[in-house]
Amino acid sequence: MPEGLKELPTPFYLPQEQKERSRSLYERVFREDSRRFVDYYYTYKTRDNEILAVEEDRQIVSMLHLNPYRMIVNGYEVESRYIVAVATDEHYRHRGYMRILLERALKDLAARGMPFTFLMPASESIYAPFDFAWISSHTSLPERVLRMNTEEQNRWLAERYQLFCRRDERYMENLRAQKEAEAGEAPAAQMPPYMARITDVCRMLHLIRSRKEQRLYLRVRDPLIRGNDGYFLWESAGEQARVEKLCQKPHILDMELTVGELVSFVFGGLRCCLSEEV
């Protein structure tokens, strides 16, 4: 390593019993969140999320939270992660910590076979270099829908949307606790839209249907996730899709695009309902 350059620390996942160590960083960075809301978050959301962290001088100085959601995409149920609470202590910024956290998280999600991850960005410029792209605006559900039980909400959503977060008892419990934590607070004037990043091209394309039969040869470029970089055959006919990563360049190439452009291409054809905030 060149003289004067310090080796970056290795990100690691906080064990369940150490997640509370990240709370002070959360409170320093997200000062707009009330004490009651932070209590809710560290009581409910950290029960089953993952916190990827960077440590310096035995303190958590940078972190990224991966909150689990079960997603319904065209009738298929898949596991995904919502990236939230991306934060770096102001004294440790501009050292590349956010980059190594995002790269580690994306590679880990790819290794687990998750088709995509999503987030609500503070700024597009932070995430676009990592091939995140806009996918959906924030959806405010009608009050009558919010009063429905778990099964009724899932059925209502499935009748209207192709992509949404599946409701279950844990989802509903978290939502009730969040509403209690936010009671009396002024609602946000406007929620920002969501961005997503494909972490497994084959699994993502398998979820996408075409009304007409099609056979496409794709060249996808992904400088970060090796399994996403290369040539793919994508066949779709009605309710079924088949995806294959090819060993060599095909004779015909229908599309050549970055993985970020692929996000825009596949999500652009989906009716999405996303209303999650954390």
Side-chain angles (χ1 to χ4, degrees), residues 10-55 59-73 77-89 97-122 126-127 130 132 135 138 150 163-182 191-192 194-197 199-200 274-278:
T10 301
F12 66 99
Y13 289 96
L14 290 173
Q16 187 65 32
E17 67 274 11
Q18 292 188 27
K19 288 181 178 179
E20 190 70 21
R21 292 181 58 208
S22 69
R23 177 167 176 153
S24 61
L25 175 59
Y26 188 108
E27 291 174 330
R28 292 196 304 276
V29 174
F30 304 108
R31 296 176 183 175
E32 68 276 12
D33 288 350
S34 67
R35 173 65 180 271
R36 188 165 56 175
F37 181 85
V38 180
D39 286 343
Y40 146 74
Y41 188 90
Y42 273 85
T43 299
Y44 286 87
K45 300 302 290 187
T46 62
R47 292 182 296 180
D48 48 17
N49 79 346
E50 296 166 289
I51 301 178
L52 190 57
V54 168
E55 189 177 59
Q59 292 185 349
I60 305 300
V61 297
S62 190
M63 67 179 180
L64 174 156
H65 293 214
L66 297 168
N67 291 354
Y69 282 96
R70 301 293 297 181
M71 309 298 296
I72 303 298
V73 185
E77 183 174 329
V78 296
E79 191 174 352
S80 185
R81 294 291 182 269
Y82 181 37
I83 297 177
V84 69
V86 181
T88 301
D89 184 280
Y97 291 168
M98 190 199 73
R99 175 178 58 80
I100 62 173
L101 285 170
L102 274 170
E103 290 182 353
R104 170 68 184 275
L106 293 171
K107 289 179 179 179
D108 287 351
L109 297 181
R112 298 177 205 173
M114 294 189 196
F116 69 95
T117 181
F118 63 112
L119 51 77
M120 184 182 287
I126 297 174
Y127 299 99
F130 297 92
F132 282 83
I135 60 165
H138 181 274
T150 303
L163 182 148
F164 60 92
C165 295
R166 183 176 70 82
R167 276 56 174 161
D168 57 20
E169 292 308 312
R170 178 59 66 93
Y171 182 104
M172 302 298 274
E173 180 185 10
N174 287 345
L175 186 59
R176 287 191 294 268
Q178 181 180 339
K179 287 185 175 181
E180 291 177 7
E182 294 175 333
M191 300 297 292
Y194 296 88
M195 301 181 82
R197 211 278 191 188
T199 44
D200 190 315
L274 293 173
S275 54
E276 291 63 37
E277 298 176 24
V278 291

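To the nearest 0.5 Å, the span separating CZ on R176 from CD on E180 amounts to 8.5 Å. Between I51 atom CD1 and M63 atom CE the span is 7.0 Å, to the nearest 0.5 Å. In this structure, CD on Q178 lies 5.0 Å from CD on E277, to the nearest 0.5 angstrom. Taking CD from Q59 and CG from D89, the interatomic distance works out to 8.0 Å, rounded to the nearest 0.5 Å. Distance check: R197 CZ to T117 OG1 gives 10.0 Å after rounding to the nearest 0.5 Å. Remark: T199 OG1 to K107 NZ distance equals 13.5 Å, nearest 0.5 Å.
Just one residue in the list K179, R167, R47 forms a salt bridge (Lys or Arg N to Asp or Glu O under 4.0 Å) with E173, and that residue is R47.
Under the 3.5 Å distance criterion, with hydrogens and angles disregarded, a donor-acceptor pair is assigned to the side chains of Y171 and E276. Using a 3.5 Å distance cut-off with no hydrogens or angles, the side chains of D33 and Y41 do not pair a donor with an acceptor.
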*Give the intermediate values and the outcome of side chain to side chain contact (heavy atoms under 4.5 Å, CB included) for residues L14 and I60.*
CA-CA 10 Å; L14 290 173; I60 305 300; 3.9 Å; yes
*For side chain to side chain contact (heavy atoms under 4.5 Å, CB included), just list the numbers for L66 and I83, CA-CA rounded to whole Å, side-chain angles, deciding distance to a tenth of an Å, and then say yes or no.*
CA-CA 5 Å; L66 297 168; I83 297 177; 3.7 Å; yes
_Worked verdict on L101 versus V86 for side chain to side chain contact (heavy atoms under 4.5 Å, CB included)_ = CA-CA 9 Å; L101 285 170; V86 181; 5.8 Å; no
*For N49 and Y82, run side chain to side chain contact (heavy atoms under 4.5 Å, CB included): C-alpha distance rounded to whole Å, both residues' side-chain angles, the deciding distance at 0.1 Å, then the answer.*
CA-CA 10 Å; N49 79 346; Y82 181 37; over 6 Å; no
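Two residues are said to be in side-chain contact when any heavy atoms from C-beta on lie closer than 4.5 Å; H65 and S22 meet this criterion. Counting heavy atoms from C-beta on, the side chains of M98 and F130 come closer than 4.5 Å. A heavy-atom distance below 4.5 Å is not found between the side chains of L163 and F118.
No donor-acceptor distance shorter than 3.5 angstrom exists from the side chain of R81 to the backbone of L109, with no hydrogens or angles considered. Between the side chain of S62 and the backbone N or O of V54, no donor-acceptor pair lies under 3.5 Å.
The minimum heavy-atom distance linking K19 with T46 is given by the pair NZ-O, 2.9 Å. When all heavy atoms are compared, the tightest approach of P121 to M195 is CG-SD, 3.5 Å. Closest approach of V29 to E32, counting heavy atoms only: O-OE1, 4.3 Å. Closest heavy-atom contact between A181 and S34: O-OG, 4.4 Å. Taking each heavy atom of A87 and L25 in turn, the nearest pair found is O-CD2, 4.0 Å. Between A85 and Y26, the shortest heavy-atom contact is CB-CE1, 3.9 Å.
One finds no salt bridge joining R112 and E79 here, because no Lys/Arg side-chain nitrogen approaches an Asp/Glu carboxylate oxygen to under 4.0 Å. Classification of D168 and R70 as a salt-bridged pair fails, no side-chain N sitting under 4.0 Å from a carboxylate O.
Taking the six-membered ring where tryptophan is involved, the planes of H138 and Y194 are essentially parallel, since the angle between them stays under 30° and well short of 60°.
Under the 6.0 Å cut-off for aromatic ring centres, Y40 and F37 qualify, their centroids lying closer than that.
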